[in-house]
Amino acid sequence: MKLIDIKDCSKVYKNGVTGLAGLDLEIDKGEFVFIIGQTASGKSTLIKLLYREEKPTKGTVIVGGINVAKLRNSKVYKLRRKLGVVFQDFKLLPKLTVYENVAFGLETLGLKASEIKPKVLDSLERVGLKDKIRVFPSQLSGGEQQRVCIARAIVNNPRLLICDEPTGNLDPETSKEIMDVIESINRDLGTTVIMATHDKEIVNRMKKRVITIENGVKVGDKMKGSYRVHESN
Ligand SMILES: Nc1ncnc2c1ncn2[C@@H]1O[C@H](COP(=O)(O)OP(=O)(O)OP(=O)(O)O)[C@@H](O)[C@H]1O
Ligand SMILES: [Mg+2]
């Protein structure tokens with residue numbers, strides 16, 4: 001079974017704007033996949049359907065055996081604990097330390113402090129931030145803040161890591177470091193990675209599977225692909 005299986009999926013927002021228009025996509029366990037396409041093509045819409053921030057208006061979205069389109073609000077947690085999400089803006093809690101930010105989700109899942117600690121430390125070690133556990137997000141650089149977000153996303157050892165423009169606010173050198181971390185998670189832990197990006201350099205350097213979206217449909221799907229987007233504006 002595919003980890004992700006999307007069939008004929010459309011999303012029309014309440015205001016009538018089309019986000020996706022009949023998209024098909026299958027992704028296997030362990031894959032590393034870039035989602036590219038010009039602005040407003042539907043990349044973030046696709047990402048939001050995967051973690052059930054939005055529901056499709058048509059079609060099916062299966063993630064880790066869960067039919068996301070039919071998932072009730074009260075069961076969304078079952079999906080969310082299988083995946084981690086990283087965004088462009090870091091969305092860290094400013095009043096919590098690095099440690100507390102990463103531990104937060106595990107606390108809400110009801111884990112004991114003794115179970116939480118090794119997971120948080122492992123995860124911060126993987127992103128290279130074990131020496132910053134007691135500082136607050138405002139005391140970190142942008143790249144470091146994004147590392148905390150990645151640690152938070154992988155702390156419960158999810159099967160899927162979803163990233164929406166994770167390097168969008170970072171300079172090229174820092175972006176490369178962040179991509180090295182994400183690639184190591186895919187390689188060492190076998191975590192499936194799906195990443196929407198505008199970053200041509202990253203896509204061309206990494207030679208991963210590249211899905212191209214245009215006007216809410218898939219127009220390209222290439223193994224070891226490169227950044228080719230039809231820019232109409
Ligand atoms: N919550 C929403 N309500 C209404 N329309 C929306 C909403 N979110 C997105 N859209 C519209 O859906 C279309 C696809 O948007 P989406 O955010 O998926 O694009 P994107 O490919 O991620 O673009 P970008 O590269 O700029 O991030 C756009 O026309 C956008 O205006
Ligand atoms: Mg987007």
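We count residues from 1, following the sequence as given. Just so you know, ligand 1 is whichever comes first in the structure, and atom 1 is the first atom listed for that ligand. Worth knowing before you read on, the calculation uses all heavy atoms, side chains too, and leaves out hydrogens, waters and symmetry mates.
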With a 4.0 Å heavy-atom cut-off (strictly under), which part of Thr18 contacts ligand 1: side chain, backbone, both or neither?
backbone

Which atoms of ligand 1 are found less than 4.0 Å from any heavy atom of Gly42?
14 (C), 18 (O), 19 (O), 20 (P), 21 (O)

Heteroatom N/O/S of Ser44 within less than 2.8 Å of the Mg ion (ligand 2)
yes

For atom 8 (N) of ligand 1, what's the nearest protein heavy atom and its distance?
Tyr13 CZ, 3.3 Å

Do any nitrogen or oxygen atoms of Glu54 come within less than 3.5 Å of a nitrogen or oxygen of ligand 1?
no

Show me which atoms of ligand 1 lie under 4.0 Å from any heavy atom of Ser41.
19 (O), 21 (O)

Which ligand 1 atoms, with their elements, are less than 4.0 angstrom from a heavy-atom of Thr39?
23 (O), 24 (P), 25 (O), 26 (O)

Could you list the atoms of ligand 1 found under 4.0 angstrom from a heavy atom of Thr45?
14 (C), 15 (O), 16 (P), 18 (O)

Could you tell me whether the side chain of Lys43 and the main chain of Gly37 form a donor-acceptor pair under 3.5 Å?
yes

Should we count CD of Glu183 as having more than 12 external heavy atoms under 6.0 Å?
yes

Find all atoms of ligand 1 within a distance of less than 4.0 Å from any non-hydrogen atom belonging to Val17, and give their numbers and elements.
5 (N), 11 (C), 12 (O), 29 (O)

More than 12 non-hydrogen atoms from neighbouring residues, nucleotides or ligands closer than 6.0 Å to CG on Asp24, yes or no?
yes

Are Leu25 and Val203 connected in a single hydrophobic cluster, I mean Ile/Leu/Val/Met/Phe/Trp/Tyr linked by side-chain heavy atoms less than 4.5 Å apart?
no

Using a strict 4.0 Å cut-off to heavy atoms of Ser44, name the atoms of ligand 1 that fall inside it.
17 (O), 18 (O), 20 (P), 22 (O), 27 (O)

With distance as the sole test, does Thr97 use its side chain to make a donor-acceptor pair with the main-chain N or O of Glu100 at under 3.5 Å?
yes

Could you list which atoms of ligand 1 come closer than 4.0 Å to a heavy atom of His198?
24 (P), 25 (O)

Side-chain donor-acceptor pair under 3.5 Å between Thr45 and Tyr13, yes or no?
yes

Proximal ligand 1 atoms for Asn15, defined as those under 4.0 Å from one of its heavy atoms
4 (C), 5 (N)

Looking only at protein heavy atoms, what sits closest to atom 14 (C) of ligand 1 is Ala40 O, 3.5 Å

